[in-house]
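Please read the structure below before turning to the comments.
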Amino acid sequence: MLKKILWGILVLGLIGGAFGYYKYSRIMSPNVPEKLENDIVIIPTNSSFDDVVEILYTNNQIIDTVSFHEVSEMMSYKKNIIRSGRYKITPSWSNRSLISHLRGGEQETVNLILTHGWLLSDVASKASKFIESDSTALITLFQDKDYITKFGYTPETLMSLFIPNTYEFYWDTSEKAFFERMIKEHTNFWNSNNRLAKAKKIGLTTEEVYTLASIVEREISKDEERKRVAGLYLNRIKIGMKLDADPTAKFATRDFKATRILYKHIRFESPYNTYLHRGLPPGPISMSSITSIDAVLNSEEHDFYYMCVDPNNPGYHLFAESITEHTKNARKYHRWLDSKKK
């Protein structure tokens with residue numbers, strides 16, 4: 001009798017051990033492939049548990065979905081809505097390691113790169129390449145007058161919010177979170193390097209500085225000329241002289257690919273066309289680089305009011321203090337243009 005009892009205990013022990021090993025292997029054995037083609041898992045906002053399983057399996061980031069289901073239930077990861085984000089995973093991770101990582105929410109950040117664009121739609125398009133919020137949601141927010149007014153912007157001045165740079169973001173950033181982050185970055189930018197005091201010294205608001213900088217940005221290709229050209233435009237503003245800036249005519253007509261400004265451009269009626277209207281346009285005509293903003297804030301002091309392309313130095317300009325001198329420079333340029341046609 002005792003022998004039977006001992007055998008029974010042994011059998012139960014073996015069964016229990018086997019079951020325990022089975023459970024242990026489900027939890028601790030590798031379920032992430034040893035070789036990963038993609039070590040980034042992206043979980044969209046409002047994803048269900050089944051959505052996450054499909055993402056992982058479709059991307060060959062887990063081997064066995066059944067064990068993943070079992071361990072997820074044991075670890076209370078099976079929920080109606082799963083935490084969103086962009087996560088980096090490690091080859092040969094167990095279900096436990098993978099689930100702990102996804103559940104913990106420690107995301108891999110993205111470097112959001114804002115580069116030059118003419119329109120707010122360009123900003124939306126560029127930002128949407130790096131975060132979950134799409135370009136439609138972003139531009140819709142940018143066009144929400146009630147929302148942007150709360151931050152002191154109008155549809156005309158909103159472009160001045162965006163400072164081209166590289167910013168670290170979480171992938172699952174919403175459009176409002178993106179916007180409000182840009183507000184903080186904008187504030188930090190203007191509060192550094194004495195920029196606010198410099199703007200006040202030249203009698204311009206931060207939006208006006210950015211607007212002039214956007215013209216310099218699109219007018220000049222050589223960094224060493226930016227401060228001189230900024231000074232030239234400031235000289236014109238001081239005496240009420242029209243800026244006659246080619247990029248403003250491009251912006252007004254939306255003819256961004258134009259290589260030469262023609263009569264149809266300079267006569268196009270728009271408050272942005274500085275060939276027709278004095279002073280600065282209602283707002284920026286483009287994103288402006290930090291280099292151009294600082295060029296306006298630290299502009300060169302001189303008596304130049306005119307400039308034209310230097311035919312002997314492509315990309316550079318000839319500057320003049322008087323209309324007489326400018327006319328001579330312009331004739332040189334036009335003779336050069338005529339010679340190119342022959």
Side-chain angles (χ1 to χ4, degrees), residues 113-119 122 126 159 162-166 209-237 241-268 270 272-277 280-281 284-342:
I113 303 169
L114 277 187
T115 54
H116 306 159
W118 285 95
L119 304 168
D122 296 325
K126 291 173 189 294
M159 182 64 91
F162 303 106
I163 309 296
N165 213 331
T166 299
V209 169
Y210 193 106
T211 297
L212 181 53
S214 72
I215 296 174
V216 173
E217 181 70 27
R218 293 296 177 177
E219 184 78 78
I220 301 303
S221 60
K222 304 297 183 182
D223 284 347
E224 55 266 39
E225 282 195 347
R226 293 186 193 277
K227 291 182 180 180
R228 176 165 293 188
V229 172
L232 184 152
Y233 284 135
L234 286 170
N235 286 345
R236 287 190 166 209
I237 290 171
M241 183 178 179
K242 294 198 303 297
L243 298 184
D244 289 349
D246 287 357
T248 66
K250 276 189 180 183
F251 181 83
T253 57
R254 298 298 193 267
D255 189 4
F256 300 126
K257 294 183 179 180
T259 55
R260 290 188 64 186
I261 298 302
L262 306 174
Y263 183 80
K264 68 176 183 179
H265 296 109
I266 65 176
R267 302 312 299 170
F268 185 86
S270 166
Y272 286 90
N273 190 346
T274 58
Y275 278 98
L276 300 180
H277 301 281
L280 290 168
I285 61 161
S286 159
M287 289 182 76
S288 173
S289 67
I290 293 173
T291 302
S292 290
I293 294 170
D294 285 340
V296 173
L297 294 173
N298 302 281
S299 62
E300 192 177 297
E301 293 186 11
H302 53 62
D303 294 319
F304 295 132
Y305 289 89
Y306 306 93
M307 67 179 180
C308 76
V309 174
D310 184 348
N312 297 319
N313 293 292
Y316 288 89
H317 294 80
L318 296 170
F319 296 87
E321 296 181 6
S322 68
I323 187 63
T324 302
E325 186 182 358
H326 174 64
T327 300
K328 291 179 182 178
N329 291 336
R331 283 174 181 163
K332 290 179 186 177
Y333 172 62
H334 286 107
R335 282 197 297 269
W336 176 79
L337 277 182
D338 291 340
S339 70
K340 301 294 284 186
K341 295 176 184 178
K342 294 178 182 178

Interatomic distance, [X] atom [atom1] to [Y] atom [atom2] [nearest 0.5 angstrom]:
{"X": "D294", "Y": "S299", "atom1": "CG", "atom2": "OG", "value": "11.5 Å"}
{"X": "I215", "Y": "I220", "atom1": "CD1", "atom2": "CD1", "value": "11.5 Å"}
{"X": "N298", "Y": "I293", "atom1": "CG", "atom2": "CD1", "value": "11.5 Å"}
{"X": "L280", "Y": "Y210", "atom1": "CG", "atom2": "OH", "value": "14.5 Å"}
{"X": "M159", "Y": "M287", "atom1": "CE", "atom2": "CE", "value": "6.5 Å"}
{"X": "Y233", "Y": "L212", "atom1": "OH", "atom2": "CG", "value": "8.0 Å"}

Under 3.5 Å, is there a donor-acceptor pair between the side chain of [X] and the main chain of [Y]?
{"X": "R267", "Y": "K264", "result": "no"}
{"X": "S288", "Y": "E217", "result": "no"}
{"X": "N273", "Y": "H265", "result": "yes"}
{"X": "S286", "Y": "S214", "result": "no"}
{"X": "E225", "Y": "H317", "result": "yes"}
{"X": "N235", "Y": "F304", "result": "yes"}
{"X": "T248", "Y": "T274", "result": "yes"}

Within the structure provided, determine whether [X] and [Y] are in side-chain contact (heavy-atom separation under 4.5 Å).
{"X": "M307", "Y": "Y316", "answer": "no"}
{"X": "F251", "Y": "L119", "answer": "yes"}
{"X": "D122", "Y": "H116", "answer": "no"}
{"X": "I261", "Y": "K250", "answer": "yes"}

Inset, instruction - Take R254 and F268, measure what side chain to side chain contact (heavy atoms under 4.5 Å, CB included) needs, and give me the verdict at the end. - result: CA-CA 11 Å; R254 298 298 193 267; F268 185 86; over 6 Å; no

Legend entry - Six-ring centre of W118, R218 cation under 6.0 angstrom, axis tolerance 45°: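 Judged by the rule (NZ or CZ under 6.0 Å from the ring centre, within 45° of its axis), R218 counts as positioned above W118.
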
Inset, instruction - Could you walk me through whether I237 and L243 pass side chain to side chain contact (heavy atoms under 4.5 Å, CB included), step by step? - result: CA-CA 7 Å; I237 290 171; L243 298 184; 3.8 Å; yes

Legend entry - Where K242 and L276 come nearest, the two heavy atoms and their spacing: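 Heavy atoms of K242 and L276 come nearest at CD-C, 3.9 Å.
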
Inset, instruction - Taking all heavy atoms of V296 and all of V216, pick out the closest pair and write down the distance. - result: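 Closest heavy-atom pair between V296 and V216: CG2-CG2, 4.4 Å.
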
Inset, instruction - Name all residues meeting the side chain to side chain donor-acceptor pair (under 3.5 Å) criterion together with Y275; count only those two or more places apart in sequence or in a different chain, and write none if there are none. - result: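 Partners of Y275 under the side chain to side chain donor-acceptor pair (under 3.5 Å) test: D246.
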
Inset, instruction - Check the pair F319, Y305 against side chain to side chain contact (heavy atoms under 4.5 Å, CB included), reporting the backbone distance first and the verdict last. - result: CA-CA 8 Å; F319 296 87; Y305 289 89; over 6 Å; no

Legend entry - salt bridge (charged side-chain N to carboxylate O under 4.0 Å, His left out) contacts touching residues 300-318 (sequence neighbours left out):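 Qualifying pairs, neighbours excluded: R228-E300.
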
Under 3.5 Å, side-chain donor or acceptor atoms of residues 326-336 against the rest of the protein: list the pairs with distances, not counting sequence neighbours.
from, atom 1, to, atom 2, distance (Å)
T327, OG1, I323, O, 2.7
H334, ND1, A330, O, 2.8

